[in-house]
Visitor: 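Handing you this structure, nothing more for now.
We count residues from 1, following the sequence as given.
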Amino acid sequence: MKTQKLNFTYLNNSKVVNNILKGVLGIFAVATFVSCVEDGEGLEQEEAKPDGIALSERFQNNRIDDLQEFTLDAAVGGTITGDQGTKVFFPPNAFGNNGSPVSGTVNVELIEIYDKASMLLKNRSTLGMKANGDKEALKSAGEFFINAKQGSTELDLLEMASVESRPVDFADLDGGMKIFRGGLDQDCDGIDDDCDWVEADEDKNGETDDAQIRDAQGADGAFSTYNYDIGDFGWTNLDRWYNYAGAKTEIFIDVPAGYDQDNCAVYLSYDGEPTALARMDVFNTNLEMFTEHYGLIPVGQEVHIIVVTDIGGELNYAIQGTTIVDDHIEVISSLAPITQSALESLINGLP
C-alpha cells in the first residue's frame, strides 16, 4: 500500500491551514474545559474569608460619612450646632496656623457619637486606660471629633473652645463624668486615629478635669447639658469609669476557626448601660480566643458579645447574650450576613 506523504512546507501563511489549526485548537480547548468540568477541577471559586482590611475601611468610611462641616469667620468666631444637638463655641481669633491667628473663613468639622451602634461601627468603643496601664470599660455621655481647616491646612486652637452636649434628662444625669482623650503615647488627633481613652491631662491638653452640668429650660421642659472646654482639636470623650465593687474575672471568646485579631472585631456590651461598650483587644494565639488583659469583668454581669467582620464586601455579625461566670468562656459558633442599618437597630435595641 502506498504511503501518501503530505508536504506542509510553506503552508504557514495558508488561510486553509490556519483555519484548520484554529478549529483543532478550539476543539482541544473545549474538550479540556469539559474535562475540567467533569473532573471538578479549576471551577471552584475560592470561599470568601473574613477581611480585616475591609472592616477597617468600613469603620473609617462610617466616620467620614458622619462628618459634619460648618463655616465660621475666624476673626469673629461663633457657635456650631450638630445634628444631634452638640454645640461648640469658638471665641474670636481662636483658629491659628503655627501659633498665629488666621483670618477669613475656616471650616469646622464635627462628629458626635451618643449610642452603642455608632461607637461600634466607627470603632470608638469605651475602653479606657488607667495610669498604671490597666484597662477598664467606661460609661460615656458622648464622644466627639472636633477639627478645623482652612483649605487643606490643618489649624490649631489658640483659645479654649467650649463644648456643650445634647440635652440630657435629669433622670439620666451622671455627675461623675470626666474628660478623656488619647493616651500620652497615642495620637488621637485625626479622624482615622484609634486609641484607648485616658483622663485628660490639664497641663498637656488644657481641659478641665470634670464636665460641668448646666440646667436649662426648653420647649419640652427642663433639661441639663454637660459642658467642658478643650484646648486642642481631635477626639474627646465624656466618660466615667465603670466601677464595680464585686468579684471580677477574665472572659474568653471562642470565635469560629479562621477568625482572629486581624480579620474581625469583638465587643462586650454591658446590659443596662446604654453607652458601655468595650472592645476585646487581645487575641490569645495559643488558645485562639479573644480576651482582655485586665480581668475586670464583673461576675454576674449580664452582657452581649458582638462579633463583626467583612466578608466579600458584606457585613457579617454574631450577637450572643450571656451572664458572666468565673473564668468565663463564650463560644461563638458562626456569623451571618446583615445590612449595616439592620445591625445598628439590633445593637441599639440591646438591653
Visitor: Should the heavy atoms of other residues, nucleotides or ligands under 6.0 Å from CD of E288 be counted, would the total exceed 12?
Guide: no
Visitor: Can you tell me how far the CG atom of L55 sits from the CD atom of Q60, to the nearest 0.5 Å?
Guide: 10.0 Å
Visitor: Hydrogens and angles aside, do D281 and Y267 bring a side-chain donor and acceptor to less than 3.5 Å of each other?
Guide: no
Visitor: Does a donor on one side chain sit under 3.5 Å from an acceptor on the other, for N62 and Q340?
Guide: yes
Visitor: Using distance alone, with no hydrogens and no angle criterion, decide if R279 and N123 have a side-chain donor and acceptor under 3.5 Å apart.
Guide: yes
Visitor: How are the rings of F90 and F233 set relative to one another: parallel (under 30°), tilted (30 to 60°) or perpendicular (over 60°)?
Guide: tilted
Visitor: Relative to each other, are the rings of W235 and F145 parallel, tilted or perpendicular (30° and 60° limits)?
Guide: tilted
Visitor: Assess the pair F144 and Y114: is the distance between their ring centroids shorter than 6.0 Å?
Guide: yes
Visitor: Can you name the nearest heavy-atom pair linking S224 to L173, along with the distance?
Guide: OG-CD1, 3.5 Å
Visitor: With rounding to the nearest 0.5 Å, note down the distance linking CZ in F95 to OG1 in T153.
Guide: 14.5 Å
Visitor: Without hydrogens or angle criteria, can the side chains of T126 and K139 be said to hold a donor-acceptor pair below 3.5 Å?
Guide: no
Visitor: Roughly how far, to the nearest 0.5 Å, is NE2 of H328 from OG1 of T291?
Guide: 11.5 Å
Visitor: Is it true that T236 and Y228 share a donor-acceptor pair across their side chains at a distance under 3.5 Å?
Guide: yes
Visitor: Provide the closest heavy-atom pair for M119 versus S140 in the form atom of the first, atom of the second, distance.
Guide: CE-CB, 3.8 Å
Visitor: Please test K135 against E292 for salt bridge (Lys or Arg N to Asp or Glu O under 4.0 Å), starting from the C-alpha separation and ending with a verdict.
Guide: CA-CA 8 Å; K135 295 186 180 183; E292 33 71 40; over 6 Å; no
Visitor: Going by atom types only, do N263 and T309 share a side-chain donor-acceptor pair under 3.5 Å?
Guide: no
Visitor: Checking Y242 against Q301: is there a side-chain donor and acceptor pair closer than 3.5 Å?
Guide: yes
Visitor: Could you tell me whether E112 and R166 have a side-chain N and a carboxylate O separated by less than 4.0 Å?
Guide: no
Visitor: Looking at side-chain heavy atoms only, is the closest gap between V163 and L238 below 4.5 Å?
Guide: no
